[in-house]
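None of these values were measured; they are calculated from a predicted model.
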Amino acid sequence: MSQGTTQLLTLIRREVLRFVRRPYNTFLPPIITNSLYFAVFGVILGSRIGSIAGVSYIQFVLPGLVVLGAISDSFENASFTIFHGRWNEYIQAVTTSPMSNRDMVSAYVTASALRGIVTSLLIIGVGLVFTSVPVANPVYLIAFVLVITTLFGGLGVIGGLWASDFDYLTVMNQFILRPLVFFGAVFYSLEVLPPLWRSVSLFNPMVYMVNGVRYGMIGVTEIDPNTSLLVLTGATIAVLAIDFLLFKRGYGLAE
């Protein structure tokens, strides 16, 4: 194993252990939150709404909740660890190491994506308590989850470098990302919207993520999954390129 690979794996291991050792802060909240979502939206409202697109309402909303948990935790993990490292001035131990900028970014994004994937699995596990969880197109499901968690891990790196205090991180996650997901057809079908608002919704990138994961899980989508996956992959590559450039220039790292 080369020295570069060893350094990369070591940083990934450190970042993974950072959230694994805090299960009450990282794993318990999504379990509790999504149990409430399933109980209220899936069981109580679902019994009145009935089925959508040929599946039960609780199965229809499950993919959207998976996306919500995955992107929130991927973004939060990367943004917090970068900002916390800057705040406490220990990120210099990484930036002054022999690691390349590519390996540094790869380690932070990989660890954050892994947290998003774990959160996705936990939400699916909670869903199994309330309903059966179909997997109609496993290849698409895996592809969308990997791309989405990597994309928001990369966005989290940008957020962590840009934020000047902890409030910035809260604003980005709670007041930008989550509302976009809630208006991304998590709890409703685009078909129920008036034509104008349906067209407006198509400008929300979360719509494509939710529909992509929904296609992977229950085989239902209102947007071509191949187009969605292609666009999201392109966005992920662009975001990672920005991450590498910011690390190379030392943006937010040297103050």
Side-chain angles (χ1 to χ4, degrees), residues 34 37-38 41-42 45-46 49-75 109 113 116-117 119-121 123-124 127 131-156 172-173 175-242:
N34 283 279
Y37 280 141
F38 285 121
F41 291 99
L45 293 181
I49 295 174
S51 63
I52 296 181
V55 298
S56 65
Y57 183 67
I58 192 171
Q59 289 180 330
F60 183 81
V61 302
L62 173 58
L65 296 177
V66 169
V67 172
L68 175 60
I71 69 171
S72 295
D73 279 20
S74 298
F75 180 87
V109 172
I117 292 170
T119 299
S120 301
L121 295 174
I123 295 172
I124 291 174
T131 184
S132 60
V133 179
V135 181
N137 301 287
V139 174
Y140 278 95
L141 176 60
I142 293 171
F144 271 101
V145 170
L146 288 177
V147 170
I148 290 170
T149 53
T150 302
L151 171 60
F152 279 87
L155 289 172
M172 287 186 287
N173 198 354
F175 298 103
I176 298 178
L177 297 183
R178 286 180 179 268
L180 284 175
V181 175
F182 279 111
F183 286 101
V186 172
F187 298 107
Y188 56 86
S189 168
L190 293 178
E191 296 298 327
V192 304
L193 299 177
L196 174 61
W197 289 111
R198 188 181 190 282
S199 299
V200 171
S201 296
L202 295 179
F203 288 97
N204 183 352
M206 304 303 175
V207 170
Y208 301 89
M209 300 179 196
V210 171
N211 271 274
V213 174
R214 184 170 286 148
Y215 179 72
M217 295 188 71
I218 62 177
V220 173
T221 183
E222 297 168 293
I223 300 173
D224 178 50
N226 294 313
T227 301
S228 298
L229 189 58
L230 182 62
V231 172
L232 292 174
T233 300
T236 302
I237 294 173
V239 167
L240 293 179
I242 294 173

Listed once per pair and sorted, the ring pair (Phe, Tyr, Trp, His ring centres under 6.0 Å) pairs that draw on residues 209-233, sequence neighbours left out: Tyr140-Tyr215
Going by the rule side chain to side chain donor-acceptor pair (under 3.5 Å), which residues pair with [X] if we only count those two or more places apart in sequence or in a different chain?
{"X": "Ser199", "value": "none"}
{"X": "Tyr188", "value": "none"}
{"X": "Ser120", "value": "none"}

Tell me the closest heavy-atom pair linking [X] and [Y], and the distance in Å.
{"X": "Val210", "Y": "Ala185", "value": "CG1-O, 3.7 Å"}
{"X": "Gly219", "Y": "Ala136", "value": "N-CB, 3.5 Å"}
{"X": "Thr131", "Y": "Ser56", "value": "OG1-OG, 4.4 Å"}

Atom pair [atom1]/[atom2] of [X] and [Y] - distance to nearest 0.5 Å:
{"X": "Leu232", "Y": "Leu151", "atom1": "CG", "atom2": "CG", "value": "7.0 Å"}
{"X": "Met217", "Y": "Leu62", "atom1": "CE", "atom2": "CG", "value": "4.0 Å"}
{"X": "Ile124", "Y": "Leu65", "atom1": "CD1", "atom2": "CG", "value": "11.0 Å"}
{"X": "Leu190", "Y": "Glu222", "atom1": "CG", "atom2": "CD", "value": "4.0 Å"}
{"X": "Leu229", "Y": "Thr233", "atom1": "CG", "atom2": "OG1", "value": "4.5 Å"}
{"X": "Asn137", "Y": "Thr221", "atom1": "CG", "atom2": "OG1", "value": "10.0 Å"}

Pairs meeting criterion salt bridge (Lys or Arg N to Asp or Glu O under 4.0 Å) with involvement of residues 194-210, two or more places apart: Glu191-Arg198
How would you list all residue pairs meeting salt bridge (Lys or Arg N to Asp or Glu O under 4.0 Å) that involve residues 203-221, not counting sequence neighbours? none
Please examine the side chains of Asn211 and Pro225, heavy atoms only from C-beta on, and report whether any two atoms are closer than 4.5 Å. no
Name all residues meeting the side chain to side chain contact (heavy atoms under 4.5 Å, CB included) criterion together with [X]; count only those two or more places apart in sequence or in a different chain, and write none if there are none.
{"X": "Thr150", "answer": "Val109, Ala113, Thr236, Leu240"}
{"X": "Asn204", "answer": "Leu180, Phe183, Met206, Val207"}
{"X": "Ser228", "answer": "Phe144, Tyr208, Ile223"}
{"X": "Pro134", "answer": "Gln59, Ile218"}

Pairing residues for Phe187 by the ring-ring contact (aromatic ring centres under 6.0 Å, His included) criterion, not counting sequence neighbours: Phe41, Phe182
For Phe60, give me all partners under ring-ring contact (aromatic ring centres under 6.0 Å, His included), at least two apart in sequence or on another chain. none
Taking side chain to side chain contact (heavy atoms under 4.5 Å, CB included) as the criterion, tell me which of Ile148, Ile142, Leu146 meets it with Ile117. Leu146
Is there a side-chain contact (heavy atoms from CB on, under 4.5 Å) between Thr149 and Ile71 once you walk through the steps? CA-CA 6 Å; Thr149 53; Ile71 69 171; over 6 Å; no
